Amino acid sequence: MVRTVIRRRKRSLREQDVTVTDPPKVRRAVTAAALGNTMEWFDFGVYAYLAGTLGKVFFPSSSPGAQVVSTFATFAAAFLVRPLGGLVFGPLGDRVGRQKVLALTMIMMAASTFAVGFLPTYAAVGFAAPLLLLVCRLVQGFSTGGEYAGATTYIAEYAPDKRRGFLGSWLDFGTFVGYSLGSGLVTVLTAVLGTDGMTDWGWRIPFFVAGPMGLIGLYMRLKLEETPAFQREEEAQARARKENDPVEEARQSGKGRLKEIFTRHWQAVLICMGLVLLYNVTNYMVTSYLPTYMSQTLGEPETTSQLLVLGTMLLVVLMITTVGRTSDRWGRRPVFMAGSVALIVLAAPAFLLIRQGGILLPAIGCAVLGLLLVCFAGTAASTLPALFPTRLRYGALSIAFNISVSLFGGTTPLFASALVEATGNDMVPAYYLMVAGVIGLVATFFLHETAGRPLRGSGPMVETPEQARQLVARSRTTAGRQARDVWLRVRHLWRGPDK
């Protein structure tokens with residue numbers, strides 16, 4: 001009985017168990033992580049809006065429909081190597097640190113995107129041109145395999161528990177700002193230079209912009225420190241290594257970590273993959289496929305379709321931090337669940353509106369898709385890292401995230417365009433989204449609520465010393481009540497029920 005009471009008392013928090021965050025460091029962490037996503041999605045925005053132009057430059061012998069499919073096939077190829085990048089960068093981030101790996105991924109992303117601007121065209125070197133484009137995309141995809149998981153992990157491990165949703169939403173804020181900058185630049189260039197000017201040389205300009213952006217992002221990431229959670233985990237591992245425990249050494253090895261991810265955390269991996277599928281199918285359908293769908297499939301002017309999707313992205317940017325803050329108050333599960341149900345119900349009406357032509361009705365349809373997208377974008381960065389413990393978080397999230405993105409997210413433009421081409425049914429994208437909504441709803445059903453709670457394997461994180469003291473006091477009160485309850489139950493069993 002005494003031992004039981006003592007064990008219960010040990011569960012109370014001490015002040016050293018609670019991390020008080022440093023607001024300037026939190027702001028730097030959020031800014032530097034978000035800037036990497038801005039860089040990544042600047043590239044995606046440019047590539048999506050230039051799909052038709054790049055098809056003419058690198059695949060001129062194909063029909064217009066085949067050019068689009070070929071361009072998106074190159075786009076999708078980058079996603080096929082993302083799991084490989086996740087397998088390399090994720091476990092590496094758990095072993096050597098988040099900051100070092102994030103700096104490396106920034107260098108590779110910026111260099112590969114910048115290099116596209118220097119590529120020769122098909123008219124100049126023939127078949128070598130699309131091969132060089134493919135190489136650049138593969139390098140970009142490999143580096144991106146460690147980017148999003150690392151950035152979400154970094155912000156989650158710096159954010160106070162009660163504001164993780166709001167601060168995490170700034171990561172995807174950077175995503176859509178980057179996409180808006182890339183797509184906006186292409187839209188302006190298309191309006192100024194015209195279709196012929198973009199095909200001749202204007203397509204290179206957006207890729208050249210990636211170089212300076214990458215240097216700025218790299219500078220900011222090199223100035224970052226490691227997260228408090230990783231530092232504590234590193235100290236614990238150092239103590240274990242001093243004891244020369246062979247079992248612990250095996251657990252800390254790369255093979256040991258991978259085995260643990262797929263044997264002890266397979267449920268979390270599946271939930272993560274389902275939520276990532278939901279988010280990324282919606283994301284790539286709207287950001288990467290919708291501009292081409294409206295211009296190539298529906299025959300709308302390119303400038304009109306580009307402006308409509310750009311307006312949708314600006315709507316997402318305006319709403320995303322509000323959704324993140326809402327998830328801190330209401331919880332992650334309600335937001336994901338409401339978004340999944342709404343996607344199933346509203347995907348088809350949204351595409352029916354987009355098919356009507358003109359400006360007003362397609363704008364409403366695009367806005368509906370944008371509001372559905374923001375439900376997942378504003379919540380993902382705070383939900384996914386909380387699925388895994390600190391010592392495995394970067395690696396497990398990288399693997400689960402990138403497998404799902406590669407199989408279902410990045411291939412969305414390719415599959416959607418190929419299915420529309422094969423069936424002649426321009427409502428296929430809506431059905432595709434509805435299936436994603438069903439899968440996301442199932443994943444959300446098994447998701448445990450994490451809003452306002454510490455990350456797995458980490459202690460609580462608060463914003464002020466006063467909050468830390470209050471948390472410790474509440475913990476001691478709770479532990480005392482638990483110990484009292486144990487004592488009363490044991491006493492009741494020992495004395496027997498009152499007669």
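The figures that follow rest on heavy atoms only: side chains count, while hydrogens, waters and symmetry mates do not. From a predicted model like this one, the values you see are computed outputs, not experimental measurements.
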Minimal heavy-atom distance between A451 and S327, with the atoms involved, is CB-O, 3.6 Å
Nearest heavy-atom contact between V420 and P429 is CG2-CD, 4.0 Å
Carefully, step by step, assess F351 and L290 under the rule side chain to side chain contact (heavy atoms under 4.5 Å, CB included). CA-CA 10 Å; F351 271 87; L290 198 54; 4.1 Å; yes
Verify, without hydrogens or angle tests, whether E226 (side chain) and Q99 (backbone) share a donor-acceptor contact under 3.5 angstrom. yes
So which heavy atom on G97 is nearest to which on V101, and how close? O-CG2, 3.5 Å
Qualifying ring pair (Phe, Tyr, Trp, His ring centres under 6.0 Å) pairs with a residue from residues 441-464, counting only residues at least two apart or across chains: none
Before you tell me yes or no, could you show the steps for I399 and F262 under side chain to side chain contact (heavy atoms under 4.5 Å, CB included), namely the whole-Å CA-CA distance, both residues' side-chain angles and the distance that decides it to 0.1 Å? CA-CA 10 Å; I399 293 168; F262 289 108; 3.6 Å; yes
Check whether R456 reaches the backbone of P389 with its side chain - one donor and one acceptor, N or O, closer than 3.5 Å. no
State whether a side-chain donor-acceptor pair under 3.5 Å links T321 with S169. no
Do the rings of F118 and F114 sit parallel, tilted or perpendicular, given the 30° and 60° boundaries? perpendicular
What's the separation between atom OG1 in T444 and atom CG in L278, rounded to the nearest 0.5 Å? 6.5 Å
For residues 408-419, the salt bridge (charged side-chain N to carboxylate O under 4.0 Å, His left out) pairs (sequence neighbours left out) are none
Atom of V116, atom of C136 and distance for their closest heavy-atom approach: CG2-CB, 3.7 Å
How close do M461 and P228 get, heavy atom to heavy atom, and via which atoms? CE-CG, 4.3 Å
Going by side chain to side chain donor-acceptor pair (under 3.5 Å), name the pairs with one or both residues in residues 208-223, residues two or more places apart or in two chains. E147-R221
How far apart are the C-alpha atoms of S458 and T390, what are their side-chain angles, what is the distance that settles it, and do they pass the side-chain hydrogen bond (donor to acceptor under 3.5 Å, both in side chains) test? CA-CA 7 Å; S458 301; T390 301; 2.6 Å; yes
Listed once per pair and sorted, the ring pair (Phe, Tyr, Trp, His ring centres under 6.0 Å) pairs that draw on residues 365-408, sequence neighbours left out: Y148-F401
Taking the side chain as everything from C-beta on, heavy atoms only, tell me whether T21 gets closer than 4.5 Å to V462. no
Would V30 and L171 count as a side chain to side chain contact (heavy atoms under 4.5 Å, CB included) here? Give the steps. CA-CA 7 Å; V30 172; L171 180 67; over 6 Å; no
Tightest non-hydrogen contact, residues C375 and V335, listed as O-CG1, 3.4 Å
Would the distance check show the side chain of N402 and the main-chain N or O of G145 forming a donor-acceptor pair, the cut-off being under 3.5 Å? yes
Roughly how far apart are S406 OG and L80 CG, rounded to 0.5 Å? 6.5 Å
Please lay out, stage by stage, how M273 and V405 fare under the test side chain to side chain contact (heavy atoms under 4.5 Å, CB included). CA-CA 8 Å; M273 290 179 64; V405 170; over 6 Å; no
Looking at side-chain heavy atoms only, is the closest gap between S417 and Y289 below 4.5 Å? yes
Sort out for me which residue in L84, L102, T105 forms a side chain to side chain contact (heavy atoms under 4.5 Å, CB included) with F89. T105
Would you say L407 and T411 make side-chain contact, with heavy atoms under 4.5 Å? no
Where at least one partner belongs to residues 22-33, residue pairs that pass side chain to side chain donor-acceptor pair (under 3.5 Å), sequence neighbours excluded: K25-E225
Is a donor on one side and an acceptor on the other found under 3.5 Å between the side chain of R164 and the backbone of A156? yes
Could you check if a side-chain atom of M106 sits within less than 4.5 angstrom of a side-chain atom of S143, using non-hydrogen atoms only? no
Where the side chain of N280 meets the backbone of V276, is there a donor-acceptor pair that is under 3.5 Å apart? yes
Between the CG atom in L384 and the OG1 atom in T153, the distance rounded to the nearest 0.5 Å is 9.5 Å
Quick one: salt bridge (charged side-chain N to carboxylate O under 4.0 Å, His left out) pairs with a partner in residues 319-340, sequence neighbours left out? D328-R332
With side chain to side chain contact (heavy atoms under 4.5 Å, CB included) as the test, pick out the partner of L369 among L315, L433, L346. L433
Measure the shortest side-chain to side-chain distance between C272 and L397 over non-hydrogen atoms and say whether it is less than 4.5 angstrom. yes
Report the distance from atom CG of L167 to atom NZ of K162, rounding to the nearest 0.5 Å. 14.0 Å
Contacts of type ring pair (Phe, Tyr, Trp, His ring centres under 6.0 Å), residue W203, not counting sequence neighbours: F58
Going by heavy atoms in the side chains, are V316 and F173 under 4.5 Å from each other? no
Set out, in order, the CA-CA distance, both residues' side-chain angles and the distance that settles ring-ring contact (aromatic ring centres under 6.0 Å, His included) for W41 and Y284, then state yes or no. CA-CA 11 Å; W41 278 87; Y284 289 107; 5.2 Å; yes
Hey, could you give me each pair passing salt bridge (charged side-chain N to carboxylate O under 4.0 Å, His left out) that has a residue in residues 393-418? Not counting sequence neighbours. E157-R393
Does any part of the side chain of S180, heavy atoms only, come nearer than 4.5 Å to the side chain of L310, both counted from C-beta? yes
Sequence neighbours left out, what pairs pass salt bridge (charged side-chain N to carboxylate O under 4.0 Å, His left out) with at least one residue falling in residues 399-413? none
Side chain of D94, backbone of G395: donor and acceptor closer than 3.5 Å? yes
Distance-only, no hydrogens or angles: does the R453 side chain make a donor-acceptor pair with backbone N or O of E449 under 3.5 Å? yes
Holding to salt bridge (charged side-chain N to carboxylate O under 4.0 Å, His left out), I want the full list of residues that pass it with E463, two or more places apart in sequence or in another chain. R163
Validation row: I344, V438 side chains within 4.5 angstrom (heavy atoms): yes
Report yes or no: does T312 contribute a side-chain atom to a donor-acceptor pair with the main-chain N or O of G370 at less than 3.5 Å? no
Within this structure, what is the CD1-CZ distance for the pair I155 and R98, rounded to the nearest 0.5 Å? 13.5 Å
Could you work out, with ring pair (Phe, Tyr, Trp, His ring centres under 6.0 Å) as the rule, every residue matching Y154, not counting sequence neighbours? Y158
Residues in ring pair (Phe, Tyr, Trp, His ring centres under 6.0 Å) with F207, at least two apart? none
Output for pair (M313 CE, I320 CD1), nearest 0.5 Å, gives 10.0 Å
Does D172 reach the main-chain N or O of G378 with its side chain, forming a donor-acceptor pair under 3.5 Å? no
